[in-house]
Asker: 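Have a look at this one.
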Amino acid sequence: FPYTTLFRSALTGLANRKGLELALGQALVHCSTSSTHLALLILDLKRFRHLNHAYGVSIGDRALQQAALRLKVALPQAIGIARLQADRYALALSLPHPAVASRPLAEQAIARIRQQLAAPLTLDGHLLTLDVRAGIALFPQDGQDVPTLMIAAEAALALARSDGSEHLRFADPELAQRAQRTAGVVAEIRRGLAAGEFVPHYEPIVDLTTGDIRGVEALARWQHPQRGLVSPAEFIPVAEDMGMIEALTSALLPQICADAARWSAAGDPRGVSINLSARELNAGFVERLAEALRHSQLDPARVTVELTETAMVENPEQALQVLQVLKCLGVTLSLDDFGTGYSSLSYLQRFPIDNVKIDRSFVAELPHSRRARQLVGAILSMAHELNLGVVAEGVETQQQARLLAEMGCPRQQGYLYARAQSASSLSRQLLDIQGQLYGLRLAA
């Protein structure tokens with residue numbers, strides 16, 4: 001693997017996803033010319049999230065470092081070992097011909113890994129043991145290029161995760177075909193990015209107290225030349241899994257900031273919220289955002305960066321550093337999907353969060369669930385005590401809107417007010433949305 005920070009995990013010193021893809025590409029060329037086979041093992045640590053929350057992120061980080069060291073000991077002959085994200089690792093192994101020997105050799109490799117990890121580990125007086133699940137894809141039968149092989153291994157790992165009795169799963173013909181289809185989507189996304197087909201759409205965030213549109217949430221949309229507007233459910237998960245989400249955000253940031261700057265110049269008070277994936281919580285995002293702000297001359301105070309608890313769980317120390325730099329830049333920080341994670345309260349204490357978003361799952365249950373109303377009431381009470389702003393997302397009915405307003409949450413967004421749409425379409429509908437807000441204010 002190249003010895004540069006661009007291709008390395010700062011925590012473990014192993015290669016990152018980019019480094020793995022580069023090394024795999026070189027290895028596949030060698031395998032094709034030498035008639036050898038290759039196994040790609042993608043694995044994660046069992047129960048790591050529970051370990052992280054039970055003993056703290058410091059011990060969790062050290063456990064990840066120890067796991068990296070033990071992987072090296074278990075398979076010193078590996079072509080490469082990488083940390084993909086959080087507790088997920090990957091190893092590439094060269095296997096001799098014929099193909100019939102590939103599966104037993106890959107199984108032996110997993111057995112050696114589990115044996116190394118099973119040795120007791122003592123950190124700050126806590127006795128820990130580690131174990132893994134693995135997904136395995138074989139070259140050439142499960143994929144003949146890097147994207148297809150990685151997708152097949154990831155899919156096999158997902159099957160191992162779904163069955164608690166499984167320690168490993170091999171990719172099969174069905175998974176291999178699915179991987180090939182996903183690889184086709186990856187190629188289309190790359191083509192679409194190059195052609196400028198990805199555009200921002202905006203969902204209004206309203207305030208029932210004033211009857212105003214207080215802001216908009218920017219959401220990625222794909223204007224495909226043949227298929228029309230493609231649902232984000234089809235491309236966002238693939239972009240995140242295949243390490244393309246940063247390129248997607250980079251393509252959208254300049255337009256988002258330009259639209260917000262134009263609204264500001266016209267005297268419109270709307271701010272804009274930008275979603276940040278766990279994969280993007282790094283210095284590179286800060287630099288891209290700062291450049292987009294400078295180029296558009298947009299006031300950073302009009303920008304809110306939304307991130308989920310998952311984004312902070314994956315690398316808490318790095319997350320804290322990035323969020324502190326974003327605060328210095330002058331943007332607002334919002335914790336999305338609040339109440340659905342393991343330790344949202346601890347993150348409110350540790351990270352410089354300004355706002356929280358009540359998850360749509362709570363909003364949907366409000367009219368017919370006393371429990372949901374109690375939970376939302378508790379979130380609002382806590383947020384007000386901590387001087388945090390609150391937005392409820394996924395509001396679809398007037399009953400939900402009124403209940404939230406009565407409980408002290410007038411800032412809302414959802415299909416009741418408007419679906420996400422282009423900047424020009426939203427501008428044409430402003431009067432209709434304002435009229436609807438006025439009617440809701442009177443009814444409340």
Asker: Do Asp354 side-chain atoms and Leu333 backbone N/O form a donor-acceptor pair below 3.5 Å?
Answerer: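 Answer holds: yes.
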Asker: Around atom CD of Glu291, are there more than 12 heavy atoms of other residues, nucleotides or ligands at under 6.0 Å?
Answerer: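 Counting neighbours around CD of Glu291, more than 12 heavy atoms of other residues, nucleotides or ligands fall under 6.0 Å, so yes.
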Asker: Under the criterion side-chain contact (heavy atoms from CB on, under 4.5 Å), which of Leu84, Leu40, Leu149 is the partner of Glu154?
Answerer: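 Checked Leu84, Leu40, Leu149 against Glu154; only one passes side-chain contact (heavy atoms from CB on, under 4.5 Å): Leu84.
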Asker: Are the side chain of Ser381 and the backbone N or O of Gly377 linked by a donor-acceptor pair below 3.5 Å?
Answerer: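 Judged by distance alone, no pair lies under 3.5 Å.
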Asker: Any non-hydrogen side-chain atom of Leu128 less than 4.5 Å from a side-chain atom of Gln66?
Answerer: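 Sidechains of Gln66 and Leu128: no contact.
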Asker: Which pair of non-hydrogen atoms, one from Ile353 and one from Leu388, has the smallest distance, and what is that distance?
Answerer: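 Looking at all heavy atoms of both residues, the shortest contact is O-CD2, 3.2 Å.
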Asker: For Glu385, I'd like to know if atom CD has over 12 heavy atoms of other residues, nucleotides or ligands within 6.0 Å.
Answerer: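 Not more than 12 within 6.0 Å, no.
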Asker: My understanding is that only one of Asp142, Thr182, Val185, Val146 makes a side-chain contact (heavy atoms from CB on, under 4.5 Å) with Ile151; could you say which?
Answerer: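 Exactly one option meets the side-chain contact (heavy atoms from CB on, under 4.5 Å) with Ile151, and it is Thr182.
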Asker: Where do Asn275 and Ala218 come nearest, in terms of heavy atoms and distance?
Answerer: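 It is ND2-O, 3.6 Å.
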Asker: To the nearest 0.5 Å, how far apart are CG in Leu64 and OH in Tyr89?
Answerer: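 Result: 4.0 Å between the selected atoms.
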Asker: So, taking the atom named CD1 in Ile81 and the one named CD1 in Ile113, what distance separates them when rounded to the nearest 0.5 Å?
Answerer: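 Here the rounded value is 7.5 Å.
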Asker: Please determine if Arg191 and Glu188 form a salt bridge, counting it only when a charged side-chain N lies under 4.0 Å from a carboxylate O.
Answerer: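 A salt bridge is present here (some side-chain N lies under 4.0 Å from a carboxylate O).
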Asker: If you round to the nearest 0.5 Å, how far is OH of Tyr202 from OG of Ser424?
Answerer: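 The OG atom of Ser424 sits 10.5 Å away from the OH atom of Tyr202.
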Asker: In the structure I gave you, are the side-chain heavy atoms of Leu248 and Trp222 within less than 4.5 Å of one another anywhere?
Answerer: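 With C-beta onward as the side chain, the pair stays apart.
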Asker: Decide yes or no for His384 and Leu380: does some side-chain heavy atom of the first lie under 4.5 Å from some side-chain heavy atom of the second?
Answerer: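 They are in contact (side-chain heavy atoms under 4.5 Å apart), so the answer is yes.
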Asker: If you take all heavy atoms of Ser273 and Glu306, which pair is closest and at what distance?
Answerer: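 Nearest pair, atom of Ser273 first, then Glu306: CB-OE2, 3.3 Å.
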Asker: I would like to know whether Thr332 and Asn355 meet side chain to side chain contact (heavy atoms under 4.5 Å, CB included); could you show each step before the answer?
Answerer: CA-CA 8 Å; Thr332 300; Asn355 302 319; 3.3 Å; yes
Asker: Decide yes or no for Pro367 and Gln400: does some side-chain heavy atom of the first lie under 4.5 Å from some side-chain heavy atom of the second?
Answerer: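 Pro367 reaches Gln400 side chain to side chain.
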Asker: Under a plain distance cut-off of 3.5 Å, with no hydrogens placed, do Arg302 and Ser264 share a side-chain donor-acceptor pair?
Answerer: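 Yes, side-chain donor-acceptor contact under 3.5 Å.
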Asker: Rounded to the nearest 0.5 Å, what's the gap from CD on Gln412 to CG on Leu208? Could you check?
Answerer: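 That separation rounds to 4.5 Å.
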Asker: Compare all side-chain heavy atoms of Leu130 with those of Arg70 and state whether any distance is below 4.5 angstrom.
Answerer: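 When only atoms from C-beta onward are counted, Arg70 and Leu130 do not touch, as no gap falls below 4.5 Å.
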Asker: For a 4.5 angstrom cut-off between non-hydrogen side-chain atoms, does Thr397 reach Leu416?
Answerer: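 Thr397 does not reach Leu416 side chain to side chain.
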Asker: Do any N or O atoms from the side chain of Arg83 and from the backbone of Leu14 form a donor-acceptor pair under 3.5 angstrom?
Answerer: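 Looks like no, no N/O pair under 3.5 Å.
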Asker: What closest approach, in Å, do Ala67 and Leu45 show between heavy atoms, and which atom pair accounts for it?
Answerer: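 So the two residues come closest at CB-CD1, 4.2 Å.
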Asker: Has the side chain of Glu396 got a donor or acceptor atom that lies under 3.5 Å from a matching backbone atom of Ala364?
Answerer: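 No: the side chain of Glu396 does not pair with the backbone of Ala364.
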Asker: Using a 4.5 Å cut-off on heavy atoms from C-beta on, say whether the side chain of Asp336 contacts that of Glu393.
Answerer: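 Contact flag for Glu393/Asp336 side chains = yes.
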Asker: Determine, step by step, whether Leu157 and Arg88 satisfy the side chain to side chain contact (heavy atoms under 4.5 Å, CB included) criterion, reporting the C-alpha distance in whole Å, the side-chain angles of both residues, the deciding distance to 0.1 Å, and the verdict.
Answerer: CA-CA 10 Å; Leu157 175 61; Arg88 186 163 295 190; 3.6 Å; yes
Asker: Just how far is it from atom CG of Leu43 to atom CG of Asp87, taken to the nearest 0.5 Å?
Answerer: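 Here the interatomic distance stands at 9.5 Å.
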Asker: Show, in sequence, the C-alpha distance, side-chain angles and deciding distance for Val305 and Leu323, and conclude whether the side chain to side chain contact (heavy atoms under 4.5 Å, CB included) test is met.
Answerer: CA-CA 9 Å; Val305 174; Leu323 296 186; 5.9 Å; no
Asker: Do the charged groups of Lys18 and Glu21 touch, with an N to O distance under 4.0 Å?
Answerer: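 The answer is no: the pair does not qualify as a salt bridge.
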Asker: List for me each residue that meets salt bridge (charged side-chain N to carboxylate O under 4.0 Å, His left out) alongside Asp259, sequence neighbours excluded, and say none if there are none.
Answerer: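 Arg262.
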Asker: A side-chain contact here means heavy atoms from C-beta on lying under 4.5 Å apart; do Gln116 and Leu71 qualify?
Answerer: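 No - every pair of side-chain heavy atoms lies 4.5 Å or more apart.
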Asker: Ala82 and Asn16: which non-hydrogen atoms are nearest, and at how many Å?
Answerer: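 Closest approach of Ala82 to Asn16, heavy atoms only: CB-O, 4.0 Å.
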Asker: Nearest 0.5 Å, please: how far is CG in Leu253 from CZ in Arg288?
Answerer: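 CG of Leu253 is found 7.5 Å from CZ of Arg288.
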Asker: Hey, does the Lys NZ or Arg CZ of Arg419 hover above the aromatic six-ring of Tyr415, less than 6.0 Å from the centre and inside 45° of the axis?
Answerer: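 Yes; both conditions hold, so Arg419 lies above the ring face of Tyr415.
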Asker: Work out which heavy atom in Glu240 is nearest to a heavy atom in Ser277; give both atom names and the distance.
Answerer: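 In this case the closest contact between Glu240 and Ser277 is OE2-OG, 3.5 Å.
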Asker: Not counting sequence neighbours, which residues clear salt bridge (charged side-chain N to carboxylate O under 4.0 Å, His left out) with Arg190? List them please.
Answerer: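 Listed in chain order: nothing, the list is empty.
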Asker: For Ser369 and Glu365, which I'm curious about, is there any donor-acceptor pair between the side chains at under 3.5 Å?
Answerer: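 Note: Ser369 and Glu365 side chains miss the donor-acceptor criterion.
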Asker: As a quick check of understanding, evaluate side chain to side chain contact (heavy atoms under 4.5 Å, CB included) for Val230 and Glu197, giving each step before the final call.
Answerer: CA-CA 10 Å; Val230 179; Glu197 294 170 5; over 6 Å; no
